[in-house]
J.: 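Below: one structure in structure tokens.
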Amino acid sequence: MMSVTGIIAAAAVVGFVGIFVGLFLGIAGLKFKVEVDEREEAVLAALPGNNCGGCGYAGCSGLAAAIAKGEAAVDACPVGGAPVGSRIAAIMGVEAAGTVRQVAFVHCQGDCEKAGVDYDYSGAEECRVMAFVPGGGPKSCNSGCMGYGSCVKACPFDAIHVENGVAVVDREKCKACGKCVEVCPKHLISLIPYQASTEVACKSTDKGPVTMKACTAGCIGCGICVKNCPTQAVTVTEFHAEIDQEKCTGCGACAEKCPKKAIVRF
């Protein structure tokens, strides 16, 4: 049997080791302590927490760190918009510049009724792999929406859906994170001001006769929209009309005069 003296000695050793380890960890904790900017924590708490990456940083924590260091604007979060930007500006002690709300827009109307079809397709329904399919997909327009929903899968806010073969954005749900813009292999989606009321819903750069054969709602580059715009907001380049939203007043003259109805109002 172990003697009382042995038990006391063992307990003393264990106690000494515990004290030593505790002191060592305490000193190490102080020495290697990582200082956390209280403003960074406050900014992170103010961000919506979606971690969508729409700001260009790796999640909300990355943006919070950048804002705290002065490397990112206080209103850099596209999801939070102006309200979150104002709260973060107050935390950082600066003035919020004010952001313009944006929304995603699909530059295509080539649904199952308007767009022609060259062949029947059976295979992976994923837009990003269609580059390996003849013509970039079965639709006659090689520049149009394929309708397989890569953008739908990428959207973290359930703000875009494929309807009748073409992607459509729910303007009220859209947070302008840009995920759909990044994933579209044909670059059909862009971010435009929420208050914009007129836009060209086509990206085809084919000549007029080719476009007309492929889609009844395609832009043929006729230039009638240019002639009827009172603010010179519309231009035609490579048989394709574009609207400068900074010049556009939303009068709707271009949409009204467009013979193919490729310019829409919303």
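Fair warning: this is a prediction, and the values are worked out from it, not measured in the lab.
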J.: Could you check Q245 against Q195 for side-chain hydrogen bond (donor to acceptor under 3.5 Å, both in side chains), going step by step and ending with a plain yes or no?
T.: CA-CA 10 Å; Q245 291 296 343; Q195 67 268 23; over 6 Å; no

J.: Given 3.5 Å as the limit, does a donor-acceptor pair link the side chain of N50 with the main chain of C52, or not?
T.: no

J.: Under the 3.5 angstrom rule, does the side chain of E238 hit a backbone N or O of K207 as a donor-acceptor pair?
T.: no

J.: Measure the NZ-NZ distance between K173 and K175 for me, rounded to the nearest 0.5 Å.
T.: 10.5 Å

J.: For A104 and V169, which heavy atoms make the closest approach, and how far apart are they?
T.: O-CG1, 3.4 Å

J.: Does the side chain to side chain contact (heavy atoms under 4.5 Å, CB included) test come out yes or no for D75 and I88, once each step is laid out?
T.: CA-CA 8 Å; D75 55 1; I88 295 177; over 6 Å; no

J.: Side chains of C151 and I189: does their closest heavy-atom pair fall under 4.5 Å?
T.: yes

J.: For the residue pair Y194 / E172, report whether a side-chain donor-acceptor contact shorter than 3.5 Å exists.
T.: yes

J.: When hydrophobic residues are tied together by side-chain contacts of less than 4.5 Å, even through go-betweens, does F105 share a cluster with F157?
T.: no

J.: Counting only heavy atoms not in K261, do more than 12 fall under 6.0 Å of its NZ?
T.: yes

J.: Distance-only check: which donor-acceptor pairs under 3.5 Å involve side-chain atoms of residues 122-143, not counting sequence neighbours?
T.:
unit_1	atom_1	unit_2	atom_2	d
E126	OE1	K153	NZ	3.3
E126	OE2	R128	N	3.4
E126	OE2	R128	NE	3.0
E126	OE2	S150	OG	2.1
K139	NZ	G110	O	2.7
K139	NZ	C145	O	2.8
K139	NZ	G165	O	2.6
S140	OG	G116	O	3.2
S140	OG	V117	N	3.4
S140	OG	D118	OD1	2.8

J.: Return the CD to CD distance between E199 and E242, rounded to the nearest 0.5 Å.
T.: 8.5 Å

J.: Please tell me if the side chains of I192 and V103 come closer than 4.5 Å, counting only heavy atoms from C-beta onward.
T.: yes

J.: Do you know the tightest heavy-atom contact between S204 and C202?
T.: N-SG, 3.4 Å

J.: Which pair of non-hydrogen atoms, one from L188 and one from G144, has the smallest distance, and what is that distance?
T.: CD1-C, 3.3 Å

J.: Using every non-hydrogen atom in the two residues, find where A217 and A262 come nearest and quote the distance to one decimal.
T.: O-CB, 3.4 Å

J.: Does N51 use its side chain to pair, donor to acceptor, with the backbone of C60 at less than 3.5 Å?
T.: yes

J.: Does V166 belong to the same Ile/Leu/Val/Met/Phe/Trp/Tyr cluster as I263, with side-chain heavy atoms less than 4.5 Å apart forming each link?
T.: no

J.: Looking at T249, V234, D244, which one forms a side-chain contact (heavy atoms from CB on, under 4.5 Å) with C229?
T.: V234

J.: Can I160 be reached from L191 by stepping across I, L, V, M, F, W or Y side chains whose heavy atoms are under 4.5 Å apart?
T.: yes

J.: Is L47 close to L63 at the side-chain level, that is, under 4.5 Å between some pair of heavy atoms?
T.: yes

J.: To the nearest 0.5 Å, what is the distance between CD1 (I220) and CZ (F239)?
T.: 11.5 Å

J.: Less than 4.5 Å apart, any side-chain heavy atom of D170 and any of D158?
T.: no

J.: Mind checking whether T231 and C248 have side chains closer than 4.5 Å, heavy atoms only?
T.: no

J.: Between R265 and E256, is any pair of side-chain heavy atoms under 4.5 Å apart?
T.: no

J.: I need the minimum non-hydrogen distance between V200 and I243, along with the two atoms involved.
T.: CG2-CG1, 3.8 Å

J.: Applying the 4.5 Å side-chain criterion to the ILVMFWY set and letting contacts propagate, would M212 and I224 be lumped into a single cluster?
T.: no

J.: For a 4.5 angstrom cut-off between non-hydrogen side-chain atoms, does P78 reach C55?
T.: yes

J.: Show the nearest heavy-atom pair for residues P185 and M146, with the distance to one decimal.
T.: CG-CE, 3.7 Å

J.: Do you see a donor-acceptor pair shorter than 3.5 Å between the side chains of S190 and H107?
T.: yes

J.: Hey, what do you get for CD1 (I67) to CG (L44), rounding to the nearest 0.5 Å?
T.: 10.0 Å

J.: Check for me, please, whether V162 and V106 land in the same ILVMFWY cluster - side-chain distances under 4.5 Å, paths through other members count.
T.: yes

J.: Would you mind reporting whether E40 and K69 have side-chain heavy atoms less than 4.5 Å apart?
T.: no

J.: I'd like to know whether H240 forms a side chain to side chain contact (heavy atoms under 4.5 Å, CB included) with K203, so could you lay out the CA-CA distance, the side-chain angles of the two residues, the decisive distance to 0.1 Å, and finally the verdict.
T.: CA-CA 7 Å; H240 169 67; K203 278 286 187 178; 4.2 Å; yes

